[in-house]
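None of these values were measured; they are calculated from a predicted model. Residue numbering restarts at 1 for every chain, and letters A, B, ... go by the order of the sequence lines. As a basis for the values below, the full set of heavy atoms in this structure was taken, side chains included, without hydrogen atoms, waters or symmetry mates.
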Amino acid sequence: MDEELHERMREIVASVPPGSVTTYGDVAAMAGAPSPRMVGKMLSEDGLDLPWHRVLRASGRPAEHIVHRQLELLRAEGVLADDGRINLRKYRWKP
DNA sequence: TGTCTGACGACCG
DNA sequence: ACGGTCGCCAGAC
């Protein structure tokens, strides 16, 4: 099992600064994950202590089950959604 | 082993 | 812009 990958994904998500967002795909690419799904999997089981709300789908929309909560947390950081969708060109984090 | 299931994404019409 | 489809890959059963 790859504990290393798990840690890299965690570190990347942890490093996304308040007021900006990233996507599952970006995190996967940066961490060298085989699929963006792995990022979602990691967050679902070990993401409570991470700024998981800063991770969106490539469309700029949050995953279905957490939409409300996520948009709420983002709004508190000044990341505003237009009809449920975040403008990635505006808020996307690029290290 | 074979199938199904996701906090996903690229492509296409 | 949207929805359908297909590829993806580790786990659960």
Round to the nearest Å and state the distance from [X] atom [atom1] to [N] atom [atom2].
X     : N      : atom1 : atom2 : answer
A:R92 : B:dG9  : CZ    : C1'   : 12 Å
A:R54 : B:dA7  : CZ    : P     : 22 Å
A:H6  : C:dG11 : NE2   : C1'   : 14 Å
A:L88 : B:dA10 : CG    : P     : 11 Å
A:E45 : B:dT5  : CD    : P     : 19 Å
A:R61 : C:dG3  : CZ    : P     : 9 Å
A:D26 : B:dA10 : CG    : P     : 9 Å
A:W52 : B:dA7  : CH2   : P     : 13 Å

With the threshold set at 4.0 Å, does a side-chain nitrogen-carboxylate oxygen contact exist between [X] and [Y]?
X     : Y     : answer
A:R10 : A:E7  : yes
A:E3  : A:R8  : no
A:D26 : A:R92 : yes

| said: Quick check against the 3.5 Å criterion: does A:R85 have a side-chain atom that pairs as donor or acceptor with the backbone of A:R61? | reply: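 Between the backbone of A:R61 and the side chain of A:R85 there is no qualifying donor-acceptor contact (under 3.5 Å).
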| message | Test your reading of the model: is there a side-chain donor-acceptor pair from A:Y91 to the backbone of A:L80, 3.5 Å cut-off? | response |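 Yes, the answer is positive, given that a donor and an acceptor are paired below the 3.5 Å cut-off.
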Can you give me the N/O atom pairs linking the protein to nucleotides 6-10 of chain C at distances under 3.5 Å, or say none if there are none?
from  : atom 1 : to    : atom 2 : distance (Å)
C:dG7 : O6     : A:R37 : NH2    : 3.4
C:dC8 : O2     : A:R37 : NE     : 2.8

| Interface residues of residues 63-74 of chain A with DNA chain C (non-hydrogen, below 4.0 angstrom) |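 Correct list: empty, so none.
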| Heavy atoms, side chains only, cut-off 4.5 Å: are A:W52 and A:R69 in contact? |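 They are in contact (side-chain heavy atoms under 4.5 Å apart), so the answer is yes.
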| task | Indicate yes or no: at least one non-hydrogen side-chain atom of A:M9 is less than 4.5 angstrom from one of A:V13. | result |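 A:M9 does not reach A:V13 side chain to side chain.
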| said: Would you measure the distance from the P atom in B:dA7 across to the matching atom in C:dC13 and give it in whole Å? | reply: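 Pairwise P distance, B:dA7 against C:dC13, rounds to 15 Å.
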| request: Going by the side-chain contact (heavy atoms from CB on, under 4.5 Å) test, name the single residue among A:V79, A:T22, A:V21 that passes it with A:L56. | output: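 Option passing the side-chain contact (heavy atoms from CB on, under 4.5 Å) with A:L56: A:V21.
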| request: Begin with the C-alpha distance, continue with both residues' side-chain angles, and end with the deciding distance and a verdict on side chain to side chain donor-acceptor pair (under 3.5 Å) for A:H53 and A:E77. | output: CA-CA 11 Å; A:H53 60 285; A:E77 300 185 343; 3.0 Å; yes
